[in-house]
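Here is the structure we will look at, set down as structure tokens.
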2 protein chains.
Amino acid sequence: MQLTLLTLAEPNRFNIVELLRNGPKSVGEIVQALGISQPHVSRHLRILSEAGMVRSRSKAQLRIYSLEAGPFQELDEWFDSFSILWEERLDNFEEYMLDYKKKEDL
Amino acid sequence: MQLTLLTLAEPNRFNIVELLRNGPKSVGEIVQALGISQPHVSRHLRILSEAGMVRSRSKAQLRIYSLEAGPFQELDEWFDSFSILWEERLDNFEEYMLDYKKKEDL
DNA sequence: GACATGTATATACACCTTGATATATATTAA
DNA sequence: TTAATATATATCAAGGTGTATATACATGTC
């Protein structure tokens, strides 16, 4: 999960992920879409690949990259677990103060 | 969203977020829990704060930090949108190949 | 086999962030 | 006011990461 976050934090890689969300793309197509050099794209694709976020398949000289569900699913679940933040009624600060008082009373 | 990812990608900040999920904490409590120096914690808290992911309130000399829902909610929604990845039936690669053939036929 | 296209890797370098240390600020209490 | 506690900021060295360029590799075509 930590690795997925680190990988996604880089803007070019984030853009590649956004691009691949529309379906698989060859390296050349990604280069065209992002306007950065081919070696950069290949490097970022390798990092994405090592993080298990994409896979590639060959079609002649083309390498077709597509997203892999796993890491995204994992992060999706992690962020789901934060939903208490915007669903919780009781203000967390008030809660802290209650605990704080308790400790003082001991 | 990009900023949130960048901020979370740093392990110490990730740990601070995980810690604050259990409720607000003072800087000193975070220092104890993570075992890193106080200046580091303050620095990371400032970065988290600038990313809008935490807020602080004062209680005497204490600064009580707590999570802010916004950025987490935003990322939660973003990752939700990837659910097609693990729900989709049709293999994306096959889809790409179909498009590829179409282009060749032109 | 020679060549063109598509992709991957290697190297060098600049930059940014983390981490360590010292110091400054704020709040409370005596 | 002085001291003590809690927190924030400044400075700087070290390490990691992205970028540019050149080059190597793979596949298909002539």
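Lettering follows sequence order; numbering is per chain, from 1.
Between F14(B) atom CZ and dT18(C) atom C1' the separation is 18 Å, expressed in whole Å. Distance CD (E10(A)) to C1' (dC15(C)): 13 Å, rounded to an integer number of Å. Across the protein-nucleic acid pair, E29(A) atom CD and dT5(C) atom P stand 17 Å apart, rounded to whole Å. Protein atom CZ of R63(A) is 17 Å distant from nucleotide atom P of dT5(C), rounded to whole Å. The distance from atom NZ of K59(B) to atom C1' of dA26(C) is 16 Å, rounded to the nearest whole Å. In this structure, L62(B) places its CG atom 16 Å from C1' of dT25(C), rounding to the nearest Å. Atom CG in L6(A) sits roughly 15 Å away from atom C1' in dC16(C) (whole-Å rounding). Distance, K25(A) NZ to dG6(C) P: 17 Å, rounded to whole Å.
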(Q) Run the side-chain contact (heavy atoms from CB on, under 4.5 Å) test on Q73(A) and F79(B) for me, step by step, so that the C-alpha distance in whole Å, both residues' side-chain angles and the decisive distance to 0.1 Å come before the verdict. (A) CA-CA 8 Å; Q73(A) 193 165 12; F79(B) 279 103; over 6 Å; no
Q: Start with the C-alpha distance between R63(B) and S42(B), add both sets of side-chain angles, then the distance that settles side chain to side chain donor-acceptor pair (under 3.5 Å), and finish with yes or no.
A: CA-CA 10 Å; R63(B) 303 294 155 80; S42(B) 285; over 6 Å; no
Q: Kindly indicate, with the supporting measurements, whether the criterion side-chain contact (heavy atoms from CB on, under 4.5 Å) is fulfilled by I30(A) and L45(A).
A: CA-CA 10 Å; I30(A) 298 172; L45(A) 283 171; 4.1 Å; yes
Run the side-chain donor-acceptor check on residues 5-13 of chain A: report pairs under 3.5 Å with partners two or more places apart or on a different chain.
residue : atom : partner : partner atom : Å
T7(A)   : OG1  : L3(A)   : O            : 2.7
E10(A)  : OE1  : N12(A)  : N            : 2.9
E10(A)  : OE1  : R13(A)  : N            : 3.1
E10(A)  : OE2  : N12(A)  : ND2          : 3.4
R13(A)  : NE   : T7(A)   : O            : 2.7
R13(A)  : NH1  : H44(A)  : ND1          : 3.1

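Using a 4.0 Å heavy-atom cutoff across all strands shown, R46(B) reaches sugar-phosphate atoms only and no base atom.
Counting heavy atoms of neighbouring residues, nucleotides and ligands inside a 6.0 Å radius, atom CD of E18(A) exceeds 12 of them. Within a 6.0 Å sphere centred on CZ of R46(A), other residues, nucleotides and ligands contribute 12 heavy atoms or fewer.
Think of the region where chain B sits on DNA chain D: with heavy atoms and a 4.0 Å cut, that region ends 5' and 3' at dA6(D) to dT9(D).
Comparing the local axis fitted to the first five base pairs of the helix from dG1(C)-dC30(D) to dA30(C)-dT1(D) with the one fitted to its last five gives a bend of 10°, rounded to 10°.
Nearest-nucleotide positions on DNA chain C for Q38(B) and H44(B) put H44(B) closer to the 5' end.
Cation-pi geometry between R55(B) and Y65(B) is not satisfied (NZ or CZ under 6.0 Å from the ring centre, within 45° of the ring normal).
Without hydrogens or angle criteria, Q32(B) side chain to E29(B) main chain gives no donor-acceptor distance under 3.5 Å.
Between W78(A) and F72(B), the distance from one ring center to the other does not fall under 6.0 angstrom.
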